[in-house]
Amino acid sequence: MTDNSFNDEQQRYLKGVTAGLHIARGVPGMTGLTGAKHLRPDDWHAQARIRAQAAGGELTSQEQAKADLNPLDMWSHMGDLAARGEYPKGDDVFLMKGNGLFYVAPNQDSYMCRLRMPGGIFSSHQFRGVAGLAATYGGGYTHVTTRANLQIREIGAADPVNVKMGLADLGILNNGAGGDNIRNITGSPLAGIDPQEIIDVTPLARQMHHHIINHRELYGLPRKFNIAFDGGGRISALEGTNDIGFSAVLPKAGGPLPRRPYFRMGLGGITGHQDFARDTGVMLKPEECVPVAHAVLKVFLMNGDRTDRDKARLKYVLDRWGFDKFMREVQKELPFTLRWFDLKRCEARGPAVRDGHMGVHDQAQAGYHYIGVICPVGRLSVKQMQQIADIADRYGDGKIRTTVWQNFVLGYIAEADLEPAIKAIEATGLHVEASPARTGMVACTGSFGCKFGNAETKGNAMKLVEHLEAKIELDTPINLNVTGCPNSCAQHYIGDIGLLGARVDDPDAEDPEDADQVDGFHVFIGGGYDDEQGIARELAASVPASQIPAYIENVLGLYLEERKNGERFVRYARRQDLDAFRERLAARSAAAADAQAASAAGPATDADTPECAKTALDSSVESEAEPLEDHDEAEAKRDEDQTNAA
């Protein structure tokens, strides 16, 4: 009798029984009862899969693919595909993500390569090298990401191995940069130069990075995993949004612990699922962080859900078990006893400076400053990267510090060099100063380069920013988080205002019942992080992208009219009854529409003509081209640049 004679329920039962017998009988390498001193790295995951099947579960297709071929063993297959000029198909698309390579069709018929750089700190040599790879094998640009990282996009079918070899030559090892792995280790971007920080977390981010690289068992987890270290400085590392968040603290004087830096460990952050990391009560010495992270990862990889991708993150193990049980299992994996300590006996973290990631600021080292440089929605051209590397060498310490806000910081700028450094930055087409709307703008790749994106994010984000700059006089930074899909790479739930991409009916269609689907967004307000931590609430659903600038203008207009004593937007938003707020917003929007209609009925001005209209992405087009004397040629060049930027 074959398996085909059994129905689905009977087949699942048989698989469970077989898996249970394997465990009971001691399949070699599966139980630790065979006399081997250690399980082999792949055996940890094989054992977890067997347990899932023994409990009657059905492995996801991704788990089955990883069981058939470890993504780290894809090198020869990737080379074969490249030699044939072919892109991956089927399970190979998923498996290549474990090498940091994402085939992003149909949005772009090419690869995107995600890097690994602990703490986001690149040397000028590495920055130039990545620029060279983007020029040779990619689309001539990179994106700064919300994990203080870089992406190379538009890599052709023949070149993924060339990119990986080139990155390795630069000392950038991107194994595990995608797929079911631990993603780039983030840290405080001002680590080592922050006047406020409790401890420099750079060594810890590097140790964690190399620990992962050299422990094969830490690949192929039930789902992706994020780790961050926050040193208590001016710029938040957003550690509360990570699966493991380490937060530097100082014990209060007169207590049982010496007054030296420790770390609190939070677990289970995943803001796309509307949850932040929660404090475990554990107080760790810096040298204990990496071993404890390893123990957490081991418990997760053995007990995470391998049958349901939607429930496969660490948060759901914690929800199922509770923190007490989970931490008991973590303790079993450690050679030392965890230290439990009341958070109230620690000093409060210094305030995060909301615009501390851009502009000129003093640093911890006397006589030096750092400069935060704005990248329009995270985009950098190859030429800009080369120019920035030169500036870092000439005026700074030769390092480029990327941030979770999709920009970068140059440190160790002497007082006498500030003016020439700023002029050199401005000459690249980038800027040091920003409006309050531009300061907090974050946008994921969106439908431009991600198959999950429901809307184009970066172009719409720039249109929104430029509209607000022209229409609203803001006097405090506003976090605008624009994400293309519910995966929430841009973390819309923690923005003052969060926009989540959606497909909506075209509002300009002649026949509403036969309208095409166009870009739109759901609107959320009142999200925050650190001392203002909270999940944003949905204000509006399915607003067409063409109406978003005016809609957000009216939201912020109400805020400026109604706020109390200069309160920040997040405080204002959280005290609103949303139904009443929507009514006032509708009234204000109607009044604004009437005023606009009355203005449009008047005589036209030069500003109303197409020749004088301000385009959405002008500010993201690099000032690299030589002046063109021919007017028609200049117009054609500008149109081409705007298309490329979008």
Side-chain angles (χ1 to χ4, degrees), residues 236 271 274 351-359 374 377 405 433-443 457 460-483 490-500 520-596 599:
S236 171
T271 54
Q274 303 187 44
V353 180
R354 292 174 62 83
D355 57 354
H357 58 286
M358 55 183 55
I374 304 153
V377 287
W405 308 107
E433 299 297 332
S435 69
R438 197 177 293 260
T439 294
M441 172 60 73
V442 173
T457 52
N460 281 316
M462 291 304 301
K463 289 179 183 178
L464 172 59
V465 164
E466 294 196 353
H467 180 90
L468 296 178
E469 287 173 336
K471 298 290 187 178
I472 294 284
E473 290 288 339
L474 293 169
D475 53 12
T476 185
I478 299 291
N479 281 6
L480 298 163
N481 294 53
V482 185
T483 199
Q491 304 192 100
H492 65 286
Y493 279 121
I494 67 168
D496 286 318
I497 298 174
L499 303 180
L500 171 60
F521 294 93
H522 307 310
V523 181
F524 298 78
I525 61 171
Y529 57 92
D530 288 346
D531 60 334
E532 294 176 334
Q533 179 174 294
I535 297 296
R537 297 180 293 166
E538 185 175 293
L539 175 64
S542 303
V543 180
S546 60
Q547 298 174 9
I548 281 290
Y551 187 88
I552 302 303
E553 174 194 345
N554 282 310
V555 170
L556 292 174
L558 271 185
Y559 156 64
L560 293 176
E561 293 170 5
E562 299 178 349
R563 64 180 176 175
K564 298 177 180 178
N565 302 318
E567 70 183 327
R568 292 208 341 92
F569 182 85
V570 63
R571 304 289 184 186
Y572 167 81
R574 288 179 182 173
R575 65 177 175 82
Q576 300 304 315
D577 174 280
L578 289 186
D579 287 337
F581 185 77
R582 291 184 188 105
E583 290 180 5
R584 300 198 308 279
L585 182 62
R588 193 179 195 282
S589 299
D594 290 342
Q596 184 177 6
S599 175

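The model shown is predicted, which means the values in this text are computed figures rather than measured ones. Quick note: residue numbers are just sequence positions, from 1.
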Any side-chain heavy-atom pair from [X] and [Y] closer than 4.5 angstrom?
| X | Y | result |
| --- | --- | --- |
| T457 | V377 | no |
| Y529 | T271 | no |
| I497 | L556 | yes |
| V555 | L585 | yes |
| L539 | Y551 | yes |
| L464 | L499 | yes |

Compile the donor-acceptor pairs under 3.5 Å between side chains in residues 565-573 and protein atoms, sequence neighbours left out, one pair per line.
from, atom 1, to, atom 2, distance (Å)
E567, OE1, R575, NE, 3.4
E567, OE2, K564, N, 3.1
E567, OE2, R575, NE, 3.0
E567, OE2, R575, NH2, 2.5
R568, NE, E532, OE2, 3.2
R568, NH2, E532, OE1, 2.6
Y572, OH, E562, OE1, 2.6

Does E561, at its CD atom, have more than 12 non-hydrogen atoms belonging to other residues, nucleotides or ligands within less than 6.0 Å?
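Buried by this count: over 12 neighbours within 6.0 Å.
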What pair of heavy atoms forms the shortest contact from [X] to [Y], and how long is it?
| X | Y | result |
| --- | --- | --- |
| E553 | I472 | O-CD1, 3.7 Å |
| D496 | P477 | OD2-O, 4.0 Å |
| R354 | T439 | O-CG2, 4.2 Å |
| R563 | D475 | NH2-OD2, 2.7 Å |
| L560 | E473 | CD1-O, 3.8 Å |
| G495 | A536 | O-CB, 4.3 Å |

Kindly compute the distance separating [atom1] ([X]) from [atom2] ([Y]), expressed to the nearest 0.5 Å.
| X | Y | atom1 | atom2 | answer |
| --- | --- | --- | --- | --- |
| I478 | R438 | CD1 | CZ | 15.0 Å |
| D355 | S435 | CG | OG | 11.5 Å |
| I535 | H492 | CD1 | NE2 | 8.5 Å |

Can you name the side-chain hydrogen bond (donor to acceptor under 3.5 Å, both in side chains) partners of S589, sequence neighbours left out?
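Partners of S589 by the side-chain hydrogen bond (donor to acceptor under 3.5 Å, both in side chains) criterion, ordered by chain and then number, come out as N554.
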Evaluate the ring planes of F524 and Y493, with Trp represented by its six-membered ring, and classify them as parallel (under 30°), tilted (30 to 60°) or perpendicular (over 60°).
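Taking Y493 first and then F524, their aromatic rings stand perpendicular (interplane angle over 60°).
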Under 3.5 Å, is there a donor-acceptor pair between the side chain of N481 and the main chain of Q491?
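Here the side-chain-to-backbone pair exists.
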Decide yes or no on side chain to side chain contact (heavy atoms under 4.5 Å, CB included) for Y559 and T476, but give the supporting numbers first.
CA-CA 12 Å; Y559 156 64; T476 185; 3.5 Å; yes
Is the closest side-chain donor-acceptor distance between E538 and H522 under 3.5 Å?
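There is no such pair between these side chains.
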Cationic tip of R584 within the cone over F581's six-membered ring, i.e. under 6.0 Å and within 45° of the normal?
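R584 over F581 ring: no.
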